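All figures in this text were calculated on a predicted structure; none of them were measured in a lab. Chain A is the first sequence line, chain B the second, and so forth, proteins listed ahead of strands; every chain is numbered from 1.
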Amino acid sequence: MEQDFSRLDHLISVHREKEGALIPLLQAVQELDGYLSRPVLQYISDELGIPAAEIYGVATFYSIFRLQPQGKHIVRICKGTACHVSDANGIKAALLENLGLEAGETTTPDMQFTVVEVACLGCCSLAPVIMVDDQTFGKLKPQMIAGILDRFRDAEV
Amino acid sequence: MEQMIVKVGLASCGLAAGAEDVYLKLREYLGENPGAFRLAETACNGMCFEEPVVELCGLDLGKVTLGRVNPENILPLVQEYKSGKLPSSNIILAERHPAVRNELMANQKRIVLQNCGIIDPLSIGDYEERGGYAALRKALKLSPQAIIDEIQNSGLRGRGGAGFSTGLKWALCAASKSDKKYVICNADEGDPGAFMDRSMLEGDPHKVLEGMIIGAYAMGSDEGYIYCRAEYPLAIKHLNAAIKAAQERNYLGNNILGTGFSFKLHIKEGAGAFVCGEETALIHSIEGKRGMPTIRPPFPAERGLWDKPTNINNVETWANIAWIIQNGAKAFRQMGTQRSPGTKVFALAGMIAGSGLIEIPMGMTLGDIIYKVGGGMKTDKPFKALQIGGPSGGCVPADLLDTIVDYDSITATGAIMGSGGMVVMDTGTCMVDVARYFLNFTQNESCGKCTFCRIGTRRMLEILTRITEGRGVPEDLDKLEDLAKNIIKGSLCGLGQSAPNPVLTTLKYFRDEYLAHINDKRCPAGVCTVLLRFEINPDKCIGCTACARACPVNCISGYVKKPHLIDQSQCIQCGQCYKVCKFDAITKG
């Protein structure tokens, strides 16, 4: 399967000479593509001369990297301690129900939303909290979820 | 004439609470009424529970801080102040007048947070006006050894949690001979329930920079890194701006202030791995590898980043340096206790009325933190436990609230000082569930290098899950304690060595709750759903049938206007009946 990776060449050349640049490079590529595909990882390996296994090891070690395509909007559910004791599970259930996701599924079939759990967003005083893209929503109740998601859905039309 | 200033708190907590809309409303008003006041931005004053927060100042009334403002009420409040009257509502702090939160603020001692929520974090001028970079000027006239002595004399201990002497750490790194040395700021704040670093970096980034530049000069380093979580985009933005501004004023870069000393600083975004808070793991992560800890020695002070001597301190530690240089080790020692001088920043969260960021002198009791600084409990449910130190820490019960805050006293309870997360729990929190929650976290975050940490925590998690699901057996508690002991012994880094703490402290202080789950198949706090039992109180039930209609498995029966009954053999503990009952007739327990 021939694919065009020329879009990555600029990023690779920026990072090529720097020490310890693999993680920033993967972050930049993910920013561009939305996720890290297997052929892309192989291409980076060939270009930088780092074994693919090592790159795969790094990409799977850090929670920020995604190896599957993701939805247009990322919904981060905070699972920090303060959120946990303030019913983060109820918020999660409401989110999954609203998006029609079963337990274990993360992305809606229409590729609109990807739901991920994060350790802590650091807004503990507003628990429970979720973040949609770069916007944070706090002091949530399960019934508020539908309204929040609709705002992002509407933005599509 | 005096100029009135309106400052809006635009840190992450404020933004999440809608501060931007308030700011835009004020800007719009200012567009129509030029010169009415000066509109300024600041970060978080620590009172996150009152967000959005706006401060009014500049007139004779003194500084007045408003809480829970919104685009509708802000303009009338601003008008009142402008006309020389105290705003009629929403006042939380007032310099020259009584206000609801004055006392909470008065019981704090702010040196690290002295500028947070006061200055515009994007303005280096604001920082300089409040004495910023004076410590650096002073330090550059001292010998590196004199600086290290001063820090060592101050007794400052690492604020990241372990409490190692900062001065000693610096002395070790300074003594290492090398052509190249690095200093690193650990801002990979991973503890769930902690947001001290985020608030400090968002609110006063220059303070951290100034500390690092002084440290680099003292240790003979010319290059440094700030390793910051990618989950903190605003902190990264403010850091980038601060670095740029400091370079322009020659506090950073080549030949700093004409002294011949050069120092450059980079930001590294973390990629989401809790274990990278451990210093050897953090170093590997900066090198672009998997962030896995390695055996010490060699310590980073001898061989760290790219095998060069390296000194790593936490954000709060760095933020203490400028104050110590400026005011002296002796003044620092006047705060706090003999073995833990100075102050400590804590992030209060959970079931506490005043959740947010506080800074108190060491030596204050935990009880005073909750009731005199944190404003007491959020609801009328009583206090049950204080979780200190996140996944590495423990749960302290009510009868230990007279414990004072210092490294040694907190360690004696079985918890750890940690980086400063405090989550207050009330009687609605199940301690077995909390222990399971933390084990789930550490089990996910274990890097997998040490067998006990990788597999031992998984076994502990399985046992805890079994207990919360009503399948626990009495021997489980011995197994948990045995595993805990071995995981502590068999793990290389702090993550594994401290992972069992939440289980050990809850077993120590809340053993009855474990036994209730195991022997009586009951969750006293009513959290573990499988163990819940819903019952209808026939004295309160008026027979409205709401519960029967809500029940998804049709196990509630009864006639209209007659008390209903739940068939326990069919109940799936979903709690729908409990939610819909308007007469408090359904009990959960």
Just so I understand: if I count every heavy-atom pair under 4.5 Å between each of B:G350, B:G18, B:G291, B:C48 and chain A, which residue has the most? B:G291
What part of B:S285 gets within 4.5 angstrom of chain A, counting heavy atoms only: side chain, backbone, both, or neither? both
Nearest-0.5 Å distance, CD of residue B:E50 to OG of residue A:S125: 11.0 Å
For A:T81 and B:P192, indicate whether the former's side chain and the latter's backbone hold a donor-acceptor pair under 3.5 Å. yes
Specify which of B:E51, B:Q387, B:R229, B:M196 makes the most heavy-atom pairs with chain A at under 4.5 Å. B:R229
B:E231 and A:C120, any side-chain heavy atoms less than 4.5 Å apart: no
Contacting region of B:D191 [heavy-atom separation from chain A under 4.5 Å]: backbone
Among B:V434, B:D433, B:N444, which residue has the highest count of heavy-atom pairs closer than 4.5 Å to chain A? B:D433
Walk me through whether A:L22 and B:K289 qualify under side chain to side chain contact (heavy atoms under 4.5 Å, CB included). CA-CA 8 Å; A:L22 180 59; B:K289 303 178 194 149; over 6 Å; no
Provide the closest heavy-atom pair for A:I64 versus B:A230 in the form atom of the first, atom of the second, distance. CD1-CB, 3.7 Å
Under 4.5 Å from any heavy atom of chain A, what part of B:R198 do you find: side chain, backbone, both or neither? side chain
Flag yes if more than 12 heavy atoms outside B:Y578 fall under 6.0 Å of its OH atom; otherwise flag no. no
Is there a side-chain contact between B:E269 and A:I23, using heavy atoms and a 4.5 Å cut-off? no
A:Q68, CD: over 12 other non-hydrogen atoms inside 6.0 angstrom: no
Counting only heavy atoms from other residues, nucleotides and ligands, does the tally under 6.0 Å from OH of A:Y56 exceed 12? no
Quick check: do A:F61 and B:C447 have side-chain heavy atoms less than 4.5 Å from each other? yes
The interface call for B:F441 against chain A, heavy-atom contacts under 4.5 Å, is side chain
In terms of heavy-atom proximity below 4.5 Å to chain A, should B:V527 be classed as side chain, backbone, both, or neither? neither
Can you confirm whether A:E31 is buried at CD, in the sense that more than 12 heavy atoms of other residues, nucleotides or ligands lie under 6.0 Å from that atom? no
Tell me whether A:E97 at atom CD has more than 12 heavy atoms from other residues, nucleotides or ligands lying less than 6.0 Å away. no
Distance, nearest 0.5 Å, that separates NE2 of A:H84 from OG1 of B:T429: 8.5 Å
Let me know if B:E287 has heavy atoms under 4.5 Å from chain A in its side chain, its backbone, both or neither. backbone
Comparing A:C83, A:A127, A:G80, A:A21 against chain B, the one with the most heavy-atom pairs below 4.5 Å turns out to be A:G80
If every non-hydrogen atom of A:C124 is compared with every non-hydrogen atom of B:A349, which pair is closest and at what distance? CB-CB, 3.4 Å
Looking at B:A271 and A:Y62, what are the two nearest heavy atoms and their distance? O-CB, 3.2 Å
Are more than 12 heavy atoms, taken from residues, nucleotides or ligands other than A:H10, located less than 6.0 Å from that residue's NE2 atom? no
Between B:Y437 (side chain) and A:K79 (backbone), is there a donor-acceptor pair under 3.5 Å? yes
Heavy-atom distances under 4.5 Å only: say whether B:C276 touches chain A with side chain, backbone, both or neither. side chain
Option in A:G57, A:C123, A:P24, A:A82 with maximal non-hydrogen atom pairs under 4.5 Å from chain B: A:G57
Checking B:M351 against chain A: side chain, backbone, both or neither under 4.5 Å from a heavy atom? side chain
Strictly less than 4.5 Å between heavy atoms, which residues of residues 133-141 of chain A line up against chain B? Please order them by number. A:T136, A:G138, A:K139
Given that the side chain runs from C-beta out, which part of A:E19 has a heavy atom under 4.5 Å from chain B: side chain, backbone, both or neither? both
Please state whether the side chain, the backbone, both or neither of B:A347 comes within less than 4.5 Å of a heavy atom of chain A. neither
Is B:Y232 close to chain A through its backbone or its side chain, or both, or neither, when contacts mean heavy atoms under 4.5 Å? side chain
